[in-house]
Amino acid sequence: MSYNPISEIGEFGLIDRLAKITAPSTKQRPELIEGIGDDCAVWQSDESVVQVATTDILTEHVHFDLLTTPLHHLGSKAISVNVSDICAMNAMPDYAVISIAVPPKMPVEMVEELYKGMNHAAEIYGLAIAGGDTSSSASGLFISVSMTGTTTPELLTLRKGASPGDLICVTGTLGGSTAGLHLLQREKATMIEQMRNNEPYNKEVMAELQEYTEAIRCHLLPKARIDIIDFFSEEGIVPTAMIDISDGLVSDLGHLCRRSGVGAKIDESKLPVLPEARAVAEEFQQDVFDWALTGGEDYQLLFTVPKSQYDLIASHRDITVIGEISEKEEGMMLTDIFGMTIDMADMKRGFDHFAG
Ligand SMILES: Nc1ncnc2c1ncn2[C@@H]1O[C@H](COP(=O)(O)OP(=O)(O)O)[C@@H](O)[C@H]1O
Ligand SMILES: Cc1ncc(C[n+]2csc(CCOP(=O)(O)OP(=O)(O)O)c2C)c(N)n1
Ligand SMILES: [Mg+2]
């Protein structure tokens with residue numbers, strides 16, 4: 001038997017291989033509507049109720065750095081990223097169970113602070129933290145949140161369901177989280193450098209951070225767009241397909257298109273880039289559109305609606321139409337700010353845990 005490094009197939013190649021192994025188990029539960037492959041697992045609990053469930057892990061040094069992340073914020077983010085997956089099904093969250101693996105030397109008060117952040121977010125989203133598991137960890141802090149939610153068969157929205165001609169819409173702004181991460185990483189590097197040189201902490205860097213509170217908040221404290229699910233419900237909108245943007249717009253639009261069996265055309269000039277992110281990208285001499293397209297962790301909703309619903313969508317000031325669904329054969333195309341057409345298949349797609 002030969003052994004292959006995961007980096008050769010990447011995160012999604014690995015998930016495909018695991019899905020093949022577990023496919024037989026799904027045959028045992030005919031009420032399962034969606035297994036591996038959407039933002040949540042979905043099953044019908046009775047005629048009028050659909051249950052959804054998701055889980056996301058936050059790993060120290062991969063998802064967060066304790067030097068730059070307040071634990072209260074981290075707890076809140078751990079809840080929000082799961083609520084975001086529930087929202088992506090057009091569902092509302094109900095319960096969370098939480099597993100933590102904690103280095104034995106971590107003070108109790110730090111773990112309590114983490115949980116205060118989780119509880120704060122849970123109260124805002126109207127969900128109950130109802131259990132979990134606790135272990136010691138030999139290498140860093142791990143936080144795994146699993147969450148259930150509810151919707152109805154009529155409202156359930158999957159990654160599949162988009163048709164050619166549908167409008168591609170995105171909520172909020174993009175690029176803010178990557179901008180915030182860059183600022184925090186620079187802050188950490190400066191702190192370490194000053195400690196090495198036995199210098200006092202330079203407050204000027206802190207002053208610069210205060211100019212960019214929105215970008216930092218996007219990274220440390222993303223909000224799940226439960227308000228948009230309320231808006232859909234008030235306006236009677238049921239998107240044809242939906243996903244949340246965790247790995248980056250290009251990657252997550254790719255999942256939506258693959259599951260729907262369609263292509264897409266998007267317009268770079270229409271992307272709702274966070275204004276602060278533009279300033280940060282300039283400072284770091286980076287392309288803000290690259291951050292908006294592939295940076296990830298913005299936790300906005302990406303969804304499609306028929307053109308006939310344009311007026312309803314356009315009435316919301318925090319929803320932007322960025323393009324249109326096309327035939328699968330046309331691929332996924334981006335018209336960049338200079339008017340050039342770029343095949344998104346040739347672009348860096350977004351965050352991959354095992355990208356080589
Ligand atoms: N280790 C795993 N075992 C089983 N299913 C997994 C595993 N990792 C991811 N999945 C499934 O693969 C799909 C894609 O996962 P992911 O990209 O993490 O989704 P999301 O961005 O919504 O969190 C989801 O349906 C998820 O449930
Ligand atoms: C210390 C640190 N380095 C890098 C990142 C950037 N980052 C980590 S995970 C991630 C993508 C989202 O995480 P993932 O586990 O893929 O979420 P999912 O798609 O499962 O919801 C990004 C952009 C970060 N947040 N913190
Ligand atoms: Mg995930």
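- Judged by distance alone, the side chain of Ser260 and the main-chain N or O of Ala162 form a donor-acceptor pair under 3.5 Å.
- Residues Ile36 and Leu18 are members of separate hydrophobic clusters, defined by side-chain heavy-atom contacts under 4.5 angstrom among Ile, Leu, Val, Met, Phe, Trp and Tyr.
- Cluster membership for Ile342 and Met333, using ILVMFWY side-chain heavy atoms within less than 4.5 angstrom, is not shared.
- Under a hydrophobic clustering in which Ile, Leu, Val, Met, Phe, Trp and Tyr are joined whenever their side-chain heavy atoms come within less than 4.5 Å, directly or via other members, Ile319 and Leu167 fall into the same cluster.
- Using a 4.0 Å cut-off between charged side-chain N and carboxylate O, Arg186 and Glu283 make a salt bridge.
- In summary, the side chains of Thr294 and Asp290 do present a donor paired with an acceptor at a separation below 3.5 Å, with no hydrogens or angles considered.
- When each of Glu297, His63, His72 is paired with Lys77, the side-chain hydrogen bond (donor to acceptor under 3.5 Å, both in side chains) condition holds for Glu297 and for no other.
- More than 12 heavy atoms of other residues, nucleotides or ligands lie within 6.0 Å of CD in Glu31, so this atom counts as buried by the packing criterion.
- Contact annotation: the side chain of Ile79 approaches that of Met147 to within less than 4.5 Å [non-hydrogen atoms, C-beta and beyond].
- Hydrophobic clustering, with ILVMFWY side chains joined whenever heavy atoms are under 4.5 angstrom apart, groups Val250 together with Val170.
- Formation of a donor-acceptor pair under 3.5 Å by the Thr304 side chain with backbone atoms of Ile168 is not found in this model.
- Residues satisfying the side chain to side chain donor-acceptor pair (under 3.5 Å) criterion with Gln44, sequence neighbours excluded, are absent altogether.
- Look at Glu34 and Arg159 and you find no salt bridge, because none of the NZ, NE, NH1 or NH2 atoms lies under 4.0 Å from a carboxylate O.
- The side-chain heavy atoms of Tyr125 and Asn82, taken from C-beta on, include no pair separated by under 4.5 Å.
- Within a 6.0 Å sphere centred on CD of Glu47, other residues, nucleotides and ligands contribute 12 heavy atoms or fewer.
- A donor-acceptor contact closer than 3.5 angstrom links the side chains of Thr150 and Asp94.
- When Asp336, Ile266, Val288, Asp287 are each tested for a side-chain contact (heavy atoms from CB on, under 4.5 Å) with Leu293, only one passes: Ile266.
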Listing, residues 218-228 side-chain donor-acceptor contacts under 3.5 Å, not counting sequence neighbours, or none:
{"from": "His219", "atom 1": "ND1", "to": "Ser177", "atom 2": "O", "distance (Å)": "3.3"}
{"from": "His219", "atom 1": "ND1", "to": "Ser177", "atom 2": "OG", "distance (Å)": "3.0"}
{"from": "Arg225", "atom 1": "NE", "to": "Asp227", "atom 2": "OD1", "distance (Å)": "3.0"}
{"from": "Arg225", "atom 1": "NH1", "to": "Gln300", "atom 2": "OE1", "distance (Å)": "2.9"}
{"from": "Arg225", "atom 1": "NH1", "to": "Asp318", "atom 2": "OD2", "distance (Å)": "3.1"}
{"from": "Arg225", "atom 1": "NH2", "to": "Asp227", "atom 2": "OD2", "distance (Å)": "2.9"}
{"from": "Arg225", "atom 1": "NH2", "to": "Asp318", "atom 2": "OD2", "distance (Å)": "2.7"}

Going through the distances and angles, do Glu327 and Val262 end up as a side chain to side chain contact (heavy atoms under 4.5 Å, CB included)? CA-CA 5 Å; Glu327 298 289 344; Val262 295; over 6 Å; no
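- Between Leu14 and Phe354 there is a side-chain heavy-atom pair separated by less than 4.5 Å.
- Within 6.0 Å of atom NE2 in His353, more than 12 heavy atoms from other residues, nucleotides or ligands are found, so the atom counts as buried in its surroundings.
- In this structure, Ser136 contributes its side chain and Pro103 its backbone to no donor-acceptor pair below 3.5 Å.
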